[in-house]
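Worksheet for the structure shown next.
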Protein chains: 2
Amino acid sequence: MSALSGGSGSRRPVTLDDVARQAGVSQPTASRVLNGSSRKVAEAYRERVLQAARELGYTPNLPAQAMARGTSRTIALVISLISDPYFAAMAAEIMKQAEAIGLHVSIAVTERQADRELDLVRELRGQQPRAIILAGTGYVDPPSEQQLIDELRRYEETGGRVVLISRSDLPFETVDFDNHEGSRQLARELAALGYERCLILGSGTPLLSMQRRVEGFVAGLVESGVNGARVHHPEFSWTGARDFVLALTDADVRDLQLVFAVTDDLALGALAGLRERGLRIPEDIGVAGFDDITTLRDVVPQLTTVHVALNAVAQEAIYRATTSDSEPTRTTVPAYPVLRASTPPLQASCVIE
Amino acid sequence: MSALSGGSGSRRPVTLDDVARQAGVSQPTASRVLNGSSRKVAEAYRERVLQAARELGYTPNLPAQAMARGTSRTIALVISLISDPYFAAMAAEIMKQAEAIGLHVSIAVTERQADRELDLVRELRGQQPRAIILAGTGYVDPPSEQQLIDELRRYEETGGRVVLISRSDLPFETVDFDNHEGSRQLARELAALGYERCLILGSGTPLLSMQRRVEGFVAGLVESGVNGARVHHPEFSWTGARDFVLALTDADVRDLQLVFAVTDDLALGALAGLRERGLRIPEDIGVAGFDDITTLRDVVPQLTTVHVALNAVAQEAIYRATTSDSEPTRTTVPAYPVLRASTPPLQASCVIE
DNA sequence: TTGTACGCGTTATCAA
DNA sequence: TTGATAACGCGTACAA
């Protein structure tokens, strides 16, 4: 191994200058050929530049381009949790849409800490991204909401775009799905199947969209003439739902016909808990969730849930992130119930109160 | 809305210069206070700079820093698929470790296309990341392997670090888990439970690690005195495994005691297919996978699999990505079988041939 | 059409 | 310790 090629950090990256020199043209000409848009370069030069770039293995220095242009080709995505199948699917869709139009995605995770969100936005702003997309948090009573708004405003004022997904609490471009309507329809369909005595599992963490789902479900029940659904708010996780169900009294459980949880994750936790108590699903009690995560395909019985068109959400988000509107708009993507084996029609005997 | 504050892109971002001017110091001094390391600045100046930065809402322009310093605080992660629970978990762990030491993560997805991998590396190189981590591809006979190596070498020569996860095919720093040993041990344990007539589902796509898992399992069986396991390579997806199982003849299936698939995803697909054929799991046939994805907790029966310590893999990868070694090393993280309800001990009657 | 000269925001070098 | 000044790589008026 020669002294020149060995080790790390020995060589300087190939720059546009190197390419220009090798091609025997000026640096701006090389720039025009390789990265510019107004391609008024003589074919002979063009060829030489392209060949030189190929030979040298030139790649544009993105930070340098970003600085010179004042804007980058990066989109910053702030997300609660990437290991959660729902958010993973959301991130995947957003990346797909972004890459389709030549944008990179830089991901940051809040791990559901509201204060971390503010820090992240501040940091991300420094990346000079084309847009910042905040997906899937949104607390009912956020501690530092005004600071977050200020920070995002400041970012917007310097030409950046802000898009919120699944949280309609802030005055920015918002893409949301219809939480209320989705669970309302679900409640109506389940009521039509005969379900009346329901336990609703909301989120212990005060999240707006989850609250909407609870309200929608209750509304749907009431419209169907079903009242008195019990609402509880266990810790917002699979384990939280499971533990909650395990802690119920036998009398409580015996009286139930259905458990609706505001996410599939919770629903699966509840399902696990109910089974641990010796209950059969769906014979003894029905279970329904919300999100329609892919994972559900491997669960028996197939879980009734509310489907959300994540690809539509992502597409809309990327569109909003790359189009400069004057006024923030609110887009709502539909969500509709999907009835599966976990909530079969109740026998007539059970429907009668 | 005033002409100054309105719309998008009106205001210029706050720069270090603005802060310095407001604090009445020179720009380098402001730099030393806010971003520098050798903090030899008079306390009085220090205070004034910090306050000015706070008032103005200054955030360092990362591209500018990257250019000036010649290196960024970004790690580029190239991953096959982010919606896959296994890769999502891997990405989550890597991000966690990276953020713990103040590094951003930029994610790019290959969608399992080998040629896209090369393009991505070329692009990512332009981001001037601190390191490039390639996770989870690695073909048996890659079409453009040499080009990829050249590209990564070039990146390394300019001071970047390259770390490969779960693919020991390229001459770079590698973190892998013990595919062969993991499935070998699994095979031995299953053989000890009485399983003999096995169907092994490999990957239709020629991936190295998957091949290792097949080889390891076969080796484990042979060591246990079990020969003649059938190996097949359906399309590398849940659907592929399901369809393959559905296409088997009844005679084939009746003869089987176990299906081992090289990933949990495939195993779950196979399980679904077997059930569609009216087989009971595990009474009629056992099923085992590899990866121990979180999703399995909601599957009944609980799936026997091989557990991989992803957090250890991620930690090691980040460590390698931030430590400059002279020679590329190979780290192997253990993988060990976890026996669950999907492969109960076979009754004595079945063990007898 | 091509090349010269400058600016982008930051860090690093060197005098003072 | 602090402050001028020169990079870093690229895009872009402007002049040729």
Side-chain angles (χ1 to χ4, degrees), chain A residues 9 11-49 52-53 56-74 123 125-129 158-160, chain B residues 9 11-49 52-53 56-74 123 125-129 158-160:
Chain A
R11 205 147 65 187
R12 200 177 46 78
V14 176
T15 72
L16 199 52
D17 227 25
D18 299 329
V19 175
R21 206 169 308 129
Q22 167 134 346
V25 301
S26 75
Q27 184 244 23
T29 298
S31 169
R32 289 187 267 258
V33 172
L34 295 173
N35 312 316
S37 46
S38 53
R39 43 190 290 287
K40 296 179 178 177
V41 176
E43 194 55 33
Y45 281 6
R46 222 183 122 63
E47 290 291 336
R48 268 160 51 193
V49 170
L56 268 44
Y58 169 75
T59 300
N61 182 319
L62 265 36
Q65 278 191 335
M67 195 168 51
R69 292 185 173 141
T71 175
S72 74
R73 293 199 65 74
T74 298
E123 270 185 51
R125 194 154 63 82
Q127 283 194 27
Q128 315 289 101
T158 64
Chain B
R11 205 148 64 187
R12 199 178 47 78
V14 176
T15 72
L16 200 52
D17 225 24
D18 300 329
V19 175
R21 205 169 312 128
Q22 167 134 344
V25 300
S26 75
Q27 195 220 38
T29 297
S31 169
R32 287 187 269 257
V33 172
L34 295 171
N35 313 315
S37 46
S38 52
R39 43 188 292 286
K40 295 180 179 177
V41 176
E43 195 56 30
Y45 282 5
R46 221 181 121 65
E47 291 291 336
R48 268 158 54 190
V49 169
L56 269 44
Y58 168 76
T59 299
N61 182 319
L62 265 36
Q65 279 192 333
M67 194 170 50
R69 294 207 252 242
T71 175
S72 72
R73 294 199 65 75
T74 298
E123 270 186 51
R125 194 153 64 81
Q127 283 195 27
Q128 314 289 102
T158 65

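Here the structure is a predicted model, which means the values were calculated and not measured. Hydrogens, waters and symmetry mates play no part in the numbers below; they use all other heavy atoms, side chains included. In what follows, every chain begins at residue 1, and chains take the letters A, B, ... in the order their sequences are listed.
Residue B/Pro63 is classed as having no contact, given no heavy-atom separation below 4.0 Å to the nucleic acid.
Neither OP1 nor OP2 of D/dC10 sits under 4.0 Å from any side-chain N or O of A/Gln65. Neither OP1 nor OP2 of D/dC10 sits under 4.0 Å from any side-chain N or O of A/Asn35.
By the side-chain hydrogen bond (donor to acceptor under 3.5 Å, both in side chains) test, B/Thr74 is found to be paired with no residue, residues two or more places apart in sequence or in another chain being considered. Partners of B/Arg69 under the salt bridge (charged side-chain N to carboxylate O under 4.0 Å, His left out) rule, at least two apart in sequence or in another chain, do not exist in this structure. Checked against side-chain hydrogen bond (donor to acceptor under 3.5 Å, both in side chains), B/Thr71 has the following partners two or more places apart in sequence or in another chain: B/Arg130. Shown here are the side-chain hydrogen bond (donor to acceptor under 3.5 Å, both in side chains) partners of B/Thr59, two or more places apart in sequence or in another chain: A/Arg125.
Atom CG in A/Leu34 sits roughly 13 Å away from atom C1' in D/dG9 (whole-Å rounding).
Smallest separation of non-hydrogen atoms from B/Leu62 and A/Glu123: CD2-O, 4.2 Å. Nearest heavy atoms, B/Arg12 versus A/Thr158: C-CG2, 4.1 Å. Looking at every heavy atom in both residues, A/Ala52 comes nearest to A/Gln22 through CB-CG, 3.7 Å. The shortest non-hydrogen separation linking A/Val25 to A/Arg48 is CG1-NH2, 4.3 Å.
The stretch residues 13-27 of chain B touches DNA chain C through B/Thr15, B/Leu16, B/Gln27, each having a heavy atom within less than 4.0 Å of the strand.
For the pair B/Thr29 and B/Arg69, nearest-nucleotide mapping onto DNA chain D gives the more 5' position to B/Thr29.
Donor-acceptor pairing under 3.5 Å, judged by distance alone, is present between the side chain of A/Arg32 and the base of C/dG3.
Put simply, CG on B/Leu16 and OG1 on B/Thr29 are 9.5 Å apart, with the number rounded to the nearest 0.5 Å.
Ranking D/dG3, C/dG9, D/dC10 by closeness to the A/Tyr58 side chain, first place goes to D/dC10. With D/dG3, D/dC8, C/dA5 as the candidates, the nucleotide lying closest to the side chain of B/Pro28 is D/dG3. The side chain of A/Asn61 lies closest to D/dC10, out of D/dA4, D/dC10, C/dT10.
Within the helix from C/dT1-D/dA16 to C/dA16-D/dT1, the inter-axis angle between the opening and closing five-pair segments is 40°, rounded to 10°.
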